[in-house]
Amino acid sequence: MSLSVKTEGQRRPPDLRLHENAEERLHIFGGRRLRGEIRVSGAKNSAIALMPAALLGDSPSVIENVPRITDVSRYITLLHLLGAEMDCSENTVTIDPQQVTSAALDGEPVRAMRASYYLMGALLGRFHEAHVGMPGGCDLGPRPIDQHLKGFEALGAEVEVQGGLVHLQAKELHGARIYLDVVSVGATINLLLAAARADGQTIIENAAREPEVVDLANFLCAMGAQIRGAGTDTIRIQGVSHLHGAAYSCIPDRIEAGTYMIAAAATKGRLRVSGVIPTHLDPLIAKLREIGVRVEEDGDALLVDGSYPGQHAVDIKTQPYPGFPTDLQQPMTAYLAIVPGTSIITDTIYESRFRHVNELKRMGADIRVQGRTAVVEGVPQLTGAAVTASDLRAGAALLVAGLEAEGETIVDGLIYLDRGYEHFEEKLAAVGAQLQRK
Ligand code: EPZ
């Protein structure tokens, strides 16, 4: 196979025309209680795993409930550059992988997002080789991919990292027993992709149990894969020689849902967050109730009522699922900044996921960061200010802070929020928020 690494100079796919104007800022006029209903979109961290998985099929796949966010539009570009025929409507993406002949991809679209590394597992699984640029993504501290590469080697691939590219080459892929030294969502997903069509049985131990891992395993099974144990820490994959395309629908986005639940609590509002799978939000529900926020389950909706008095500080320690998710640590910090008492927030997953703290302090928050821990002294109120988002969930934190603050908050770095929150301005305006992009 020739190593013709395609880059961004190629014909672009159907443009989803999403916000990507780095000059735009979000003006939030805070202090208004959120009231009403928000329906959540499909899960970003599921959609950007399901899309590369479609490359493993020998016929087209149709994926529904895909959120229209820039991470998804970037993945559509990646698959198009590889030669896949893509058809995109509102929230449905059809992927025909039959014309894909290249196992190599680099360039800005690859470096723009971390999940581009799923192309390693998918292309290795299909072509027994892959040449993919090292991933980018949010700067949360060191984000190595050693567990991914260790797993690929165990499956029979030779691994070489050279010139910013990861080169994988395998005469054949065979089953293996792989123990992950670190519970890793990405490594678990990447190894599911690589092992689905390998010869024999693969066992992934100390696997991640996130719902997005289960969603991918379910999609692969719909394509004909034989996978058992997804959602537990031991996953067994019996390789099959072929996979066919399948129709599938993404699970709802638990992090988007959690962000809006936190915003409801932070504005002392009453919000119905619908279209969720409540069990995916158990750790957040438990924490909000511990603070003194009323949360009730109602079928596929959660009712959050932050209007009751008596809310108090709590401690939070992020953990792999089903623990408290690191992706909600940042918006939760913005909320706890105005909850009476001292809250201790420890992020055990990433060593520097507190870059939102200095921005919150510009709004009057009283927070001290010591290593992986933030000590938050609740203050009566935040005051609007000009702030800058440095990553996706830092953007979510500043959105929550702007909604709860008195006065106007101007958030720079909207390209981050646009990566993970579909139609967030419309959804929030429909429940009483006053915000404007300009
Ligand atoms: C996924 O990232 C999510 N991204 C992240 O969400 C999320 O924060 C993270 O899982 C943890 O839940 C996507 O799904 C696209 P990991 P991932 O591999 O897979 C270390 C968001 O905001 N590690 O589970 O990259 C790593 O450094 C994003 O939507 C290794 O040491 O996370 C981290 O400390 C941000 N070696 C920990 O494991 C490896 O080979 C967990 O990382 C891999 C990971």
Side-chain angles (χ1 to χ4, degrees), residues 41-53 67 69-72 74-75 78 112-121 134-154 159 161 166 178-194 204 206-216 233 250-251 253-259 280 283-284 318-332 346-353 355-356 372 389-397 399 416-422:
S41 303
K44 165 179 87 82
N45 291 347
S46 180
I48 55 182
L50 300 178
M51 292 169 70
I69 51 179
T70 46
D71 270 12
V72 165
R74 283 191 177 130
Y75 233 108
L78 291 175
M113 58 189 288
R114 183 164 177 80
S116 58
Y117 60 21
Y118 293 149
L119 292 173
M120 296 176 193
M134 285 293 280
C138 290
D139 178 7
L140 309 173
R143 297 179 77 180
I145 61 169
D146 56 309
Q147 300 300 306
H148 303 236
L149 302 183
K150 176 180 111 168
F152 292 146
E153 280 181 329
V159 177
V161 180
V166 174
I178 303 163
Y179 181 85
L180 295 179
D181 303 331
V182 181
V183 175
S184 162
V185 172
T188 304
I189 286 176
N190 236 338
L191 296 176
L192 281 171
L193 294 169
I204 305 173
N206 200 27
R209 296 182 278 171
E210 271 70 1
E212 294 76 23
V213 171
V214 177
D215 213 25
L216 172 75
D233 61 4
C250 275
I251 55 171
D253 194 318
R254 61 194 170 98
I255 304 302
E256 181 200 13
T259 303
H280 289 175
L284 175 64
T318 67
Q319 294 290 349
Y321 192 88
F324 191 93
T326 175
D327 292 349
L328 290 178
Q329 174 266 106
Q330 293 164 283
M332 196 67 169
T346 303
D347 198 318
T348 68
I349 309 292
Y350 292 110
E351 61 182 51
S352 58
R353 197 169 193 170
R355 294 172 62 195
H356 52 298
R372 287 176 179 251
S390 53
D391 57 70
L392 167 54
R393 307 301 175 184
L399 182 62
Y416 292 110
L417 274 168
D418 289 335
R419 285 189 50 200
Y421 291 92
E422 182 181 47

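Each ligand, and each atom within it, is numbered from 1 in the order the structure gives. Just so you know, residue 1 is the first one in the sequence shown, and it goes up from there.
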Below 4.0 Å, non-hydrogen atoms only: which portion of Arg143 touches ligand 1? Side chain, backbone, both or neither. both
Does Gly420 come within less than 4.0 Å of ligand 1, judged by its heavy atoms? no
At under 4.0 Å between heavy atoms, what of Glu351 touches ligand 1? The answer is neither
Side chains of Thr326 and Asp347: is there a donor and an acceptor less than 3.5 Å apart? yes
Give me the nearest non-hydrogen protein atom to atom 1 (C) of ligand 1 as residue plus atom name, then the distance to 0.1 Å. Val185 CB, 4.1 Å
Atom 4 (N) of ligand 1 - nearest protein heavy atom and its distance: Asn45 ND2, 3.7 Å
Assess Arg353 for proximity to ligand 1: is some non-hydrogen atom of it under 4.0 Å away? yes
Identify the protein heavy atom lying closest to atom 23 (N) of ligand 1, giving its residue, its atom name and the separation to 0.1 Å. Pro144 O, 4.1 Å
Have a look at ligand 1 and work out which part of Ala187, if any, has a heavy atom under 4.0 Å from it: side chain, backbone, both or neither. neither
What protein heavy atom sits nearest atom 8 (O) of ligand 1, and how far away is it? Asp327 OD1, 2.6 Å
Let me see the working for Glu212 and Arg254 under salt bridge (charged side-chain N to carboxylate O under 4.0 Å, His left out), right down to the final yes or no. CA-CA 10 Å; Glu212 294 76 23; Arg254 61 194 170 98; 2.8 Å; yes
Check for me whether Tyr416 has a heavy atom closer than 4.0 Å to any atom of ligand 1. no
Just how far is it from atom OH of Tyr416 to atom OG of Ser390, taken to the nearest 0.5 Å? 7.0 Å
Answer with side chain, backbone, both or neither: which part of Thr326 has a heavy atom less than 4.0 angstrom from an atom of ligand 1? side chain
Considering only heavy atoms, does Ile349 approach ligand 1 within less than 4.0 Å through its side chain, its backbone, both, or neither? both
Can you tell me which residue and heavy atom of the protein come closest to atom 25 (O) of ligand 1, and the distance to 0.1 Å? Arg114 NE, 2.5 Å
Below a 4.0 angstrom heavy-atom separation, can you tell me which part of Asp146, side chain or backbone, both or neither, approaches ligand 1? both
Set of side chain to side chain contact (heavy atoms under 4.5 Å, CB included) partners for Ala397, sequence neighbours left out: Gln330, Ala334, His356
For atom 27 (O) of ligand 1, what is the closest protein heavy atom, and at what distance to 0.1 Å? Pro142 O, 3.4 Å
Atoms of ligand 1 close to Lys44 [distance to a heavy atom under 4.0 angstrom, numbered from 1]: 21 (C), 29 (O)
Test of understanding: with side chain to side chain contact (heavy atoms under 4.5 Å, CB included), list the residues that count as partners of Ser184, not counting sequence neighbours. His148, Ala187
Residue part near ligand 1, for Glu212, under 4.0 Å between non-hydrogen atoms: neither
Protein heavy-atom partner closest to atom 17 (P) of ligand 1 - residue, atom, separation in Å: Tyr117 OH, 3.5 Å
So which of Gln147, Arg393, Glu256, Gln330 gets nearest to atom 29 (O) of ligand 1, if we judge by its closest heavy atom? Arg393
